[in-house]
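These notes are about the structure you will find just below.
Order of listing sets the numbers, starting from 1, for every ligand and every atom in it. Since this is a predicted model, take the numbers as computed values, not measurements.
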Amino acid sequence: MAISSILTVNFSSFIKENGDEERKHRVIEEVGKACLESTLEESFDRFLKLGAVVEGNVNDCLGLPVDFLKQYNDDRSMDVMVAWHYPPEPGTKLNLRREGHQDTNCITFLLQDELGGLEVEKDGTWIPIPPMKGALVVNIGVIIQVLSNKKLMAARHRVLRHEVRNRCSVAFFYSIGGDKWIEPLPQFTEETGEIPKYRGFFFKEFLQARLQKEREPPSRREDVTTIDHYEIPA
Ligand SMILES: O=C(O)CCC(=O)C(=O)O
Ligand SMILES: [Fe+2]
């Protein structure tokens with residue numbers, strides 16, 4: 001089953017989507033554990049607070065004016081928390097459940113269970129990220145990559161499925177509103193003399209293109225809309 005369908009089929013539990021109350025309630029019902037709701041709500045709110053803190057850290061690491069990235073922050077309707085379930089599939093050696101990708105948001109927080117399986121690409125090599133009790137993996141997403149003109153890169157990562165056990169993870173995607181215009185900031189172009197590496201786009205335009213491609217999967221891999229679509233060739 002294609003990974004793109006994970007959000008919509010019983011293969012995983014889509015547990016909260018900020019902008020869609022109806023869906024949220026339906027899914028929580030489907031999960032069938034009403035007692036979970038307050039825990040989910042609380043987790044969501046905490047992730048949201050964490051997002052604001054880490055966004056501030058990223059802001060400072062990039063040397064941007066204090067609270068500069070906050071201007072992207074007023075619309076929280078695109079934030080999503082997802083519980084992924086990766087059923088085991090015996091007998092396959094390299095059992096990819098999630099192909100290599102970059103997250104298409106701002107910052108992702110990921111909690112993987114004790115089975116591990118998450119890998120990050122570094123210089124063409126896939127490196128396992130061992131699970132650590134009580135630790136979250138923090139991923140930079142492509143929005144930051146574009147705004148910073150590739151000063152901060154979104155890590156490419158993938159997930160291997162376990163041969164005999166169910167793997168679970170929870171991801172929180174800290175995002176921005178669809179009406180935000182994304183392009184390399186002058187701080188990383190005009191002010192440094194660097195050439196912009198991306199052309200500008202509205203975030204929702206990018207998401208729509210991706211969604212469209214997911215609904216009608218392109219036959220060629222290179223046709224999938226990734227952030228490379230907006231890249232200006234050097
Ligand atoms: O399940 C995981 O560990 C990673 C999931 C992931 O990369 C994603 O949801 O974007
Ligand atoms: Fe991811």
Side-chain angles (χ1 to χ4, degrees), residues 1-20 23-24 27 31 40 43-44 46-48 50-51 54-55 58 78-89 92 94-122 125-146 152-176 203 206-207 209-211 213-214 217 221 224-229:
M1 186 175 298
I3 194 74
S4 57
S5 58
I6 275 193
L7 279 180
T8 52
V9 294
N10 58 8
F11 181 8
S12 92
S13 322
F14 188 92
I15 52 185
K16 179 165 178 179
E17 187 175 24
N18 223 1
D20 186 343
R23 186 166 186 213
K24 178 186 115 187
V27 170
V31 172
L40 299 180
S43 311
F44 192 95
R46 287 192 184 202
F47 274 129
L48 208 52
L50 185 61
V54 175
E55 186 189 69
V58 170
M78 308 289 266
D79 296 327
V80 179
M81 187 165 90
V82 187
W84 300 122
H85 170 217
Y86 303 81
E89 198 170 290
T92 324
L94 180 66
N95 199 350
L96 265 192
R97 197 42 232 160
R98 196 99 218 235
E99 289 196 23
H101 66 281
Q102 294 175 302
D103 290 347
T104 51
N105 54 320
C106 233
I107 301 162
T108 307
F109 302 106
L110 187 78
L111 185 66
Q112 56 171 346
D113 69 13
E114 76 284 359
L115 295 184
L118 181 66
E119 295 189 336
V120 67
E121 189 183 13
K122 186 163 189 282
T125 305
W126 288 102
I127 301 168
I129 306 293
M132 277 174 70
K133 208 170 162 44
L136 291 172
V137 175
V138 180
N139 259 345
I140 295 292
V142 294
I143 295 171
I144 301 288
Q145 177 171 314
V146 174
L152 272 187
M153 294 295 288
R156 270 179 67 76
H157 54 284
R158 69 180 189 182
V159 179
L160 304 185
R161 193 149 64 170
H162 201 270
E163 268 197 59
V164 288
R165 289 178 59 191
N166 286 291
R167 176 187 189 273
C168 295
S169 65
V170 175
F172 182 87
F173 299 95
Y174 190 78
S175 198
I176 59 169
F203 185 49
F206 171 49
L207 292 183
R210 276 188 71 82
L211 212 66
K213 293 283 170 66
E214 279 176 9
R221 251 190 90 64
V224 175
T225 306
T226 67
I227 205 63
D228 300 347
H229 179 73

> What are the two closest heavy atoms between Gly141 and Ala154, and how far apart are they?
Replying inline: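 The answer is C-CB, 3.6 Å.
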> So which heavy atom on Trp126 is nearest to which on Arg156, and how close?
Replying inline: CZ3-O, 3.7 Å
> Within a radius below 2.8 Å of the Fe ion (ligand 2), how many protein N, O or S atoms are present?
Replying inline: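 N, O or S atoms of the protein closer than 2.8 Å: 3.
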> Is the shortest side-chain N to carboxylate O distance from Glu99 to Arg158 below 4.0 Å?
Replying inline: no
>> Between Asp79 and Ser175, do the side chains contain a donor N or O and an acceptor N or O under 3.5 Å apart?
In response: no
> Does some side-chain heavy atom of Ile129 sit less than 4.5 Å from a side-chain heavy atom of Glu119?
Replying inline: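 No. Closest side-chain heavy atoms not under 4.5 Å.
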> Looking at side-chain heavy atoms only, is the closest gap between Gln112 and Met132 below 4.5 Å?
Replying inline: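 Answer no - side chains too far apart.
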Do any nitrogen or oxygen atoms of ligand 1 lie under 3.5 Å from a protein nitrogen or oxygen, and which ones?
residue	atom	partner	partner atom	Å
ligand 1	1 (O)	Tyr86	OH	2.5
ligand 1	1 (O)	Arg167	NH1	3.0
ligand 1	1 (O)	Ser169	OG	2.6
ligand 1	3 (O)	Arg167	NH1	3.3
ligand 1	3 (O)	Arg167	NH2	2.7
ligand 1	7 (O)	His101	NE2	3.1
ligand 1	7 (O)	His157	NE2	3.0
ligand 1	9 (O)	Trp84	NE1	2.7
ligand 1	9 (O)	Arg98	NH1	2.7
ligand 1	10 (O)	Arg98	NH1	3.3
ligand 1	10 (O)	His101	NE2	3.1
ligand 1	10 (O)	Asp103	OD1	3.1

> side chain to side chain contact (heavy atoms under 4.5 Å, CB included) with Phe173: which of Leu110, Val82, Ile107, Thr104?
Replying inline: Val82
> Using 30° and 60° as the class limits, which term best fits the ring planes of Phe47 and Phe109: parallel, tilted or perpendicular?
Replying inline: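 The arrangement is parallel - the two ring planes meet at less than 30°.
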>> Does the Lys NZ or Arg CZ of Arg167 fall within the cation-pi geometry relative to Tyr86 - under 6.0 Å from the ring centre and within 45° of the axis?
In response: yes
